[in-house]
Amino acid sequence: MELDKNCIFCRIAAGEIPSDKVYEDEQVVAFKDLNPQAPVHVLVVPKAHFATLAEMGEEGAELVKHAMQVIPQLAKRLGLAGGYRLIVNQGADAGQTVMHLHIHLLGGTPLGEKIV
Ligand code: AMP
Ligand code: ZN
């Protein structure tokens with residue numbers, strides 16, 4: 001999977017656009033959301049470009065698995081001992097605005113209104 005020059009999260013992953021990174025390894029990067037919806041709001045982003053889970057493929061699946069393994073360690077480091085919420089918007093009806101798969105990691109306060 002190639003870097004997409006037109007994709008903001010590809011460019012963040014490549015270090016071409018600045019971000020407030022809280023974690024990075026060869027497969028994923030995590031950085032603070034520009035428009036935080038909770039005291040802690042981090043986006044965990046596979047470095048390879050694919051828009052949604054439907055386009056993930058085998059390689060992408062490995063990256064998502066890795067992201068899921070990284071998240072508990074990251075949450076601990078971010079002080080989210082009380083818990084946290086993950087959100088992965090998929091497509092227009094979910095309000096996905098950046099078409100590069102990302103996992104929202106939200107916490108730092110008891111999270112209120114929820115639909116699930
Ligand atoms: P979604 O609606 O699930 O596609 O979420 C996209 C998220 O990316 C939103 O919460 C935005 O605030 C966030 N976002 C967009 N551009 C940036 C950026 N350059 N750095 C950090 N977060 C961003
Ligand atoms: Zn991308």
Side-chain angles (χ1 to χ4, degrees):
M1 274 174 270
E2 300 292 318
L3 182 143
D4 180 342
K5 284 278 174 196
N6 298 314
C7 171
I8 186 153
F9 286 179
C10 279
R11 298 187 69 191
I12 287 175
E16 292 178 10
I17 291 179
S19 68
D20 198 343
K21 281 182 191 164
V22 295
Y23 178 83
E24 181 168 19
D25 63 27
E26 284 191 355
Q27 297 175 79
V28 302
V29 61
F31 51 90
K32 292 185 183 174
D33 196 292
L34 269 187
N35 182 25
Q37 303 299 308
V40 175
H41 185 174
V42 163
L43 302 172
V44 184
V45 180
K47 287 189 170 178
H49 181 88
F50 50 100
T52 67
L53 292 170
E55 290 128 73
M56 177 168 65
E58 288 300 319
E59 186 189 343
E62 286 302 316
L63 300 188
V64 170
K65 174 183 167 188
H66 179 67
M68 288 297 178
Q69 290 171 326
V70 162
I71 283 168
Q73 304 165 32
L74 183 55
K76 191 171 179 186
R77 189 150 61 72
L78 294 170
L80 303 179
Y84 53 90
R85 183 175 296 155
L86 304 179
I87 296 176
V88 189
N89 289 323
Q90 300 291 285
D93 279 2
Q96 184 177 3
T97 56
V98 178
M99 297 310 287
H100 178 133
L101 190 108
H102 51 280
I103 303 162
H104 294 261
L105 166 57
L106 297 144
T109 191
L111 297 167
E113 291 275 323
K114 55 181 190 174
I115 59 170
V116 288

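Atom set for the values below is all heavy atoms of this structure, side chains included, hydrogens, waters and symmetry mates excluded. Both ligands and their constituent atoms are indexed starting at 1 by order of listing.
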- For the residue pair Asp4 and Arg11, what are the closest heavy atoms and their distance? O-CG, 4.4 Å
- Task: Run through Glu26, Gln27, Glu24 and flag the one making a side-chain hydrogen bond (donor to acceptor under 3.5 Å, both in side chains) with Lys47.
- Result: Glu24
- Query: So, does Arg85 use its side chain to make a donor-acceptor pair with the main chain of His104 at under 3.5 Å?
  - Reply: no
Less than 3.5 Å apart, which donor and acceptor atoms pair up between the side chains of residues 90-101 and the rest of the protein, not counting sequence neighbours?
from   : atom 1 : to    : atom 2 : distance (Å)
Gln90  : OE1    : Leu53 : N      : 2.8
Gln96  : OE1    : Gly91 : N      : 2.7
Gln96  : NE2    : Ala51 : O      : 3.0
Gln96  : NE2    : Val98 : O      : 3.0
His100 : ND1    : His49 : ND1    : 3.3
His100 : NE2    : Pro46 : O      : 2.8
His100 : NE2    : Ala48 : O      : 3.3

Could you give the N/O to N/O pairs under 3.5 Å linking ligand 1 and the protein, each with its distance?
from     : atom 1 : to     : atom 2 : distance (Å)
ligand 1 : 2 (O)  : Gly95  : O      : 3.1
ligand 1 : 2 (O)  : Thr97  : N      : 3.4
ligand 1 : 2 (O)  : Thr97  : OG1    : 3.2
ligand 1 : 3 (O)  : Asn89  : ND2    : 2.9
ligand 1 : 3 (O)  : His102 : NE2    : 2.8
ligand 1 : 3 (O)  : His104 : NE2    : 2.8
ligand 1 : 4 (O)  : Thr97  : N      : 2.7
ligand 1 : 4 (O)  : Thr97  : OG1    : 3.2
ligand 1 : 4 (O)  : Val98  : N      : 3.0
ligand 1 : 4 (O)  : His102 : NE2    : 3.0
ligand 1 : 5 (O)  : His102 : NE2    : 3.1
ligand 1 : 5 (O)  : His104 : NE2    : 3.3
ligand 1 : 10 (O) : Asp33  : OD1    : 3.2
ligand 1 : 10 (O) : Asp33  : OD2    : 2.5
ligand 1 : 12 (O) : Asp33  : OD1    : 2.5
ligand 1 : 22 (N) : Leu34  : N      : 3.1

- Query: Distance below 2.8 Å from the Zn ion (ligand 2): how many protein N/O/S atoms qualify?
  - Reply: 4
Donor-acceptor contacts, no H, no angles, side chain residues 31-39, under 3.5 Å, sequence neighbours left out:
from  : atom 1 : to    : atom 2 : distance (Å)
Asp33 : OD1    : Asn35 : N      : 2.8
Asp33 : OD2    : His41 : NE2    : 3.4
Gln37 : NE2    : Asn35 : O      : 2.9

- Query: Checking side-chain contact (heavy atoms from CB on, under 4.5 Å) for the pair Val42/Leu106: CA distance, chi angles, key distance, verdict?
  - Reply: CA-CA 7 Å; Val42 163; Leu106 297 144; over 6 Å; no
- Heavy-atom count around Lys65 NZ within 6.0 Å, excluding the residue itself: above 12? no
- Task: Return yes if a side-chain donor-acceptor contact under 3.5 Å exists between Asp25 and His66, otherwise no.
- Result: yes
- Looking only at atom types and distance, does a side-chain atom of Thr52 sit under 3.5 Å from a main-chain N or O of Ala54, one as donor and one as acceptor? yes
